[in-house]
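Read through the structure below, which is laid out as structure tokens, and then see the notes.
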Amino acid sequence: MSTHANVLDDLEWRGLIANSTDRDALHSHLGSGSVRYYVGFDPTAPSLHMGHLVQVLTARRLQEAGHTPYLLVGGATGLIGDPRDSGERTLNALDTVKEWVDKVRGQLEPFLSFEGPNAATMVNNYDWTASLSTIDFLRDIGKHFPVNRMLARDTVRRRLDSGISYTEFSYVLLQSMDFLNLHRDHGVTLQFGGSDQWGNLTAGADLIRRVEQGHAHAFSTPLLTKSDGTKYGKTEGGALWLDPEMLSPYAFYQFWLNVEDAKIGELLRVFTFLSHDEITDLEARSAEKPFLRLGQKALAREVTSLVHGSEETDRIEAASAALFGGGDLRALPGTTLAAALVEAGSVTAPAGDGRLGVVDLLVETGLAKSKGEARRTISEGGAYLNNERVTDADLVPGPDDALDGGWLVLRRGKKNLAGVQLV
RNA sequence: GGCGGGUUGCCCGAGCGGCCAAUGGGAGCGGACUGUAAAUCCGUCGGCGUAGCCUUCGAAGGUUCGAAUCCUUCACCCGCCA
């Protein structure tokens, strides 16, 4: 278990510090007692995703080491949107953002402790911005931001060509003001965030120095990328959402299970609470016998348990074993099949009159987006019924094809499975 | 406010009256290899009742036998000038 002082060493070992203000000063500050720190989440969607998880878990590591978390959900900043390279954002409706604020808060809560001497606190920057007058804002905050320096910031400079609104340009002022207010009212002295937030983090620390002559710290976590340099976190359903309604826990688990070998150590360090020894050991064993996928299995188990609970993870593991175990599906009892296919996703279809063909079944189960895509998949040899390749697009599976319990196991490609129960 | 440029499929981007469901790249998807890795190679990539039909090229009208391509109006974006 990390202590006040050495938590920074742990974070560094895990590769979680991409950038920080004076490292030694931060180290001794963290050693001086329970440091109040904050991390912000903007409600730009109804759920957090993999990228946010890095911050959430980092917040938890700091709390476990005895420091005191302030979790900010950006009811105000979420209405503005920070500048990103892909271009100007579309503003979300007030009601939508409010709804998302609640959802995001609900998602964050299970990860931290709200009891004890270093209990976590939830804050919302809407509380101190909504009633702020424009004049006060410009005089008290705006005055401390030289436009020439703001223009020099990377995120802004990259947007000067394609265009950037005053709204997004001003985002950094709001986030800096958050840090200032939390510093003033709650004694917060540390902020962290993703590496893309670095400019906003330092701007806040600067503002505290200018206005309060206070000393604040900041660090950023690295942007995780795949070996080819592209971003992580995309699945067929879009982003790697934490909300089980938006991405099934089964699909979530599968994402981690399919992580590339080269990234196993890095991801174990960032996303699990396994000890240094356990991780080093897993890395060594994975490198020796990569085909056993020990690292992937541990990673998938740990992260899925953190997000969806260990009971759900047990069910998913059993489902994966049944469906990917390589054994004969016909040997599986109906109860096992049912449990596994519920995790993986399933639908029901009539067994008698109105029986559906494979093409329709592929669409019904969501394995294919359209009948055309289903037909294409079949002609490409990518469709399987009960682990046997489907070659005839006109095939209409009936009770004779069903496994125990009336189940059909449909598969598209290597890893997309769904169940159909004939009733 | 004036003038000029632009708005094309998930993204970027060609096309500038018929040969356009629309070149190319990326992403995605499938196959081969393997380990439910990576890399590579091959195929595919609007919808449907798939040798045919339907709906797409910012929106609405119009010209034409025929429009993503021409005209008009509107919306939005970019630039220059005021």
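Order of the sequence lines sets the chain letters (A, B, ...), proteins ahead of strands, with each chain counted from 1. Because the structure is a prediction, the values reported are computed rather than measured.
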The residue, A:K415 or A:A383, whose nearest nucleotide of RNA chain B is more 5′ is A:A383
ask   = So, A:E64 and A:R61, do they make that salt bridge, N to O below 4.0 Å?
value = no
| said: Any side-chain N or O of A:R375 below 4.0 angstrom from OP1/OP2 of B:G49? | reply: yes
Margin query: Any base atoms under 4.0 Å from A:G413, or only sugar-phosphate, or nothing? Heavy atoms, all strands.
Written below: sugar-phosphate
| said: Between B:G61 and B:A27, how many Å separate the two C1' atoms, rounded to a whole number? | reply: 37 Å
Measuring to OP1 and OP2 of B:G30, would you say a side-chain N or O of A:T377 lies under 4.0 angstrom away? no
In whole angstroms, the gap separating P of B:A37 from CZ of A:R285 amounts to 21 Å
inquiry  = For B:G49 and A:K371 - does any side-chain N or O of the residue sit under 4.0 Å from the phosphate oxygens OP1/OP2?
reply    = yes
Atom CZ of A:F291 and atom P of B:A38 are separated, to the nearest Å, by 18 Å
_B:C48 versus B:U8 - spacing of their C1' atoms, nearest Å_ = 23 Å
When A:K103, A:Q107, A:H52 are each screened for side chain to side chain donor-acceptor pair (under 3.5 Å) with A:S47, the one that passes is A:Q107
Distance only, no hydrogens: is a donor on one side chain within 3.5 Å (strictly under) of an acceptor on the other, for A:E312 and A:T304?
no
Pairing string of RNA chain B (Watson-Crick or G-U wobble, both atom distances under 3.5 Å; | = paired to other strand) is ((((((((.[[[..)..(.....]]].(((((.......))))).(((...)))...[[[[[..)....]]]]]))))))).
Tightest non-hydrogen contact, residues A:L257 and A:A300, listed as N-CB, 3.8 Å
#### Entry: P gap between B:C12 and B:G1, integer Å
29 Å
Legend entry - Rounded C1' spacing from B:A22 to B:G15 in Å: 8 Å
_Under 4.0 Å from OP1 or OP2 of B:C29: is there any side-chain N or O of A:N416 that close?_
no
Does NZ or CZ of A:R411 come closer than 6.0 Å to the centre of the six-membered ring of A:Y384, within 45° of the ring's axis? yes
### Query
According to a strict under-4.0 Å criterion, is A:K369 in side-chain N/O contact with OP1 or OP2 of B:G46?
no
When rounded to whole Å, the OH to P distance for the pair A:Y384 and B:G30 reads 9 Å
- Query: When we call it a touch if two heavy atoms are under 4.0 Å apart, what does A:E373 touch: a base, just sugar-phosphate, or nothing?
  - Reply: nothing
For this session: Between B:G66 and B:C81, how far apart are the P atoms? Round to whole Å, please.
Result: 45 Å
ask   = Can you find a side-chain donor-acceptor pair between A:D178 and A:Q175 that sits under 3.5 Å?
value = no
- Looking for any heavy atom pair under 4.0 Å, which part of the strands does A:Y253 touch: base, sugar-phosphate only, or nothing? nothing
Exercise for the section: Would you please confirm or rule out a distance under 4.0 Å between OP1 or OP2 of B:G30 and any side-chain N or O of A:S379? Expected result: no
P spacing across the pair B:G5 / B:C70, given as an integer number of angstrom = 12 Å
task = Quote, to the nearest angstrom, the C1' distance that separates B:G46 from B:A39.
result = 32 Å
**Asked** Got a salt bridge between A:E260 and A:K263, using NZ or NE/NH1/NH2 to carboxylate O under 4.0 Å?
**Response** no
For B:G6 versus B:G13, give the span between their P atoms, rounded off to a whole number of Å.
13 Å
Rounded to whole Å, CZ of A:R376 lies from P of B:G31 at a distance of 14 Å
Here the distance between atom C1' of B:G35 and atom CD1 of A:I264, to the nearest Å, is 13 Å
Between A:F179 and the options A:F192, A:Y38, A:W128, the ring-ring contact (aromatic ring centres under 6.0 Å, His included) test singles out A:Y38
Side-chain contact check for A:E260: nearest option of B:A37, B:U50, B:U44 is B:A37
Should A:K414 be listed as having a side-chain N or O under 4.0 Å from OP1 or OP2 of B:G31? no
base_contact_polar (B:G31 base, A:E380 side chain, donor-acceptor, <3.5 Å): no
Checklist entry - Mind checking whether A:H276 and A:W13 have parallel, tilted or perpendicular rings, split at 30° and 60°? => result parallel
To the nearest angstrom, the CG-P distance between A:L268 and B:A37 comes to 18 Å
Next on the checklist: For a quick check of understanding: with a heavy-atom distance under 4.0 Å over all strands, which category does A:R389 fall into, base, sugar-phosphate or nothing?
Outcome noted: sugar-phosphate
A:F255 CZ to B:G28 C1', in whole Å, measures 16 Å
The nucleotide from B:G31, B:C29, B:A37 with an atom nearest the side chain of A:R293 is B:A37
note: A:R412, atom CZ; B:U44, atom C1'; distance rounded to Å ~ 10 Å
Charged tip of A:R23 within 45° of A:F219 ring normal and under 6.0 Å
no
